[in-house]
Colleague: 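The structure follows.
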Amino acid sequence: MPELPETETIARDLDGRVSGATIVDARVRKSDVLRGVTAAQFVKRLRGVDIVRSWRRAKLIIIDLSSNDRIVVQPRFTGALLIDEGGSLAADELRYSTLQLNLGDGRALHYRDIRRLGTVALMTAERYEAYAARLGIEPLDPAFSGAHLSGLLRGSRQAVKKVLMDQRLVAGIGNIYANEALWRARIDPSRASRTLSLDDAGRVRDALVSVLRESIAARGTSFRDYRDASGARGTFVESLAVYGRAGEPCPRCGKRLVGTHAIDGRMTVLCAQCQR
DNA sequence: AGGGGAACCCGTACGC
DNA sequence: TGCGTACGGGTTCCCC
């Protein structure tokens, strides 16, 4: 479940390891992950093109190419970008490879996706800009202040957790970090967004920024299938306070954490005693 | 318009 | 043990 910290980790890894490499050939094994291009077009537009840089926006990994195209990867649940240095990856990591880019130096970049709900699009720079214009503010942008978040929250009657996960408003927050940040900020996830005070919004903003930064430092949360570009796990799962811990004691007050699907159909975990 | 629900996909968990 | 089925999960699209 790559959210912001996990996609940031993948993008940084790729940027350090494949920038400057040439794609000599591409192979499509499962074309249903592709968006906006056919398998034949994908191969044709990538062959002979250089990788310029890799970076993150929202939960997307963007690979800039010398051709003015961008590969836009949305890993969803089980997607991963893996670099194979020629036998450096275990066979079961490559078992679910859907796309393979062969690089001029003999390495290969794979898009692995077990359940194939993730997507890979090939967009011109112009089409990417139009797509990205619909995404909300980056939570690690200096402009994402408590006052800014407060303005966003005041515009909705929905549960605050749902608003935090709305990619049109704030980009990159998914179920794990929404749960964690609201616990840190002591806010009940079911509270109507517009009822949060400026002080509440400031605490949520600070909690989001701190939990995202800490998770990036730990190379993300590997709850089930997330892997970095080398096939390794992130370690932030050990630092999660509430996600995946329903029934365990609240790390702050000791009361049993509650798990519910009532808010947005997603698993929400909270402490009913210290989140209000 | 904004919100609700289905579709996408398949490994895993669970029931018989 | 083996088979069948329900489930999950972010985003997009359709419909009301």
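Remember, it's a predicted structure, so these values are computed and weren't measured experimentally.
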Colleague: For DNA chain C, which residues of residues 113-129 of chain A approach it to below 4.0 angstrom with any heavy atom?
Modeller: R115(A), L117(A)
Colleague: Just the rounded figure in Å: distance from C1' of dG2(B) to CZ of R168(A).
Modeller: 8 Å
Colleague: How long is the line joining CD1 of I263(A) and P of dG4(B), in whole Å?
Modeller: 14 Å
Colleague: Write down the atom of I173(A), the atom of L164(A), and the distance for their closest heavy-atom approach.
Modeller: CB-O, 3.4 Å
Colleague: What is the distance, to the nearest angstrom, from the CD1 atom on I173(A) to the P atom on dG9(C)?
Modeller: 17 Å
Colleague: Kindly say whether the aromatic ring centers of W183(A) and Y177(A) come within a distance under 6.0 Å.
Modeller: no
Colleague: Just one of E138(A), E129(A), E8(A) clears the salt bridge (charged side-chain N to carboxylate O under 4.0 Å, His left out) bar with R57(A), so which one?
Modeller: E138(A)
Colleague: Specify the separation, in whole Å, of atom CZ of R95(A) and atom C1' of dC10(B).
Modeller: 12 Å
Colleague: Send over the distance from L169(A) CG to dG2(B) P, rounded to a whole Å.
Modeller: 10 Å
Colleague: Please report the distance, rounded to the nearest Å, between CG in D166(A) and P in dG4(B).
Modeller: 12 Å
Colleague: So does D15(A) pair up with R53(A), basic N to acidic O under 4.0 Å?
Modeller: no
Colleague: Could you say whether R35(A) or Y96(A) is positioned toward the 5' end of DNA chain B, judged by the nucleotide with the nearest heavy atom to each?
Modeller: R35(A)
Colleague: Nearest 0.5 Å, please: how far is CD1 in I71(A) from CZ in R45(A)?
Modeller: 10.0 Å
Colleague: To the nearest angstrom, how far is R29(A) atom CZ from dC10(B) atom C1'?
Modeller: 18 Å
Colleague: Report the residue from V43(A), V49(A), L46(A) that forms a side chain to side chain contact (heavy atoms under 4.5 Å, CB included) with L101(A).
Modeller: L46(A)
Colleague: Under 6.0 Å from the CZ atom of R256(A), do we count more than 12 heavy atoms belonging to anything else shown?
Modeller: no
Colleague: With no hydrogens and no angle check, just 3.5 Å: does a side-chain donor-acceptor pair link T221(A) and Y226(A)?
Modeller: no
Colleague: Less than 4.0 Å between a side-chain N and a carboxylate O, is that true for D188(A) and R276(A)?
Modeller: no
Colleague: Output yes when at least one side-chain N/O atom of K59(A) is less than 4.0 Å from OP1 or OP2 of dG9(C), else no.
Modeller: no
Colleague: Quick one: N175(A) CG to dT11(C) C1', roughly how many Å, whole number?
Modeller: 14 Å
Colleague: Have a look at K30(A) and say if it touches a base, only the backbone sugar-phosphate, or nothing, with a 4.0 Å heavy-atom cut-off.
Modeller: nothing
Colleague: Between the protein and nucleotides 12-16 of chain C, which nitrogen or oxygen pairs come in under 3.5 angstrom?
Modeller:
residue	atom	partner	partner atom	Å
dT12(C)	OP1	Y131(A)	OH	3.1

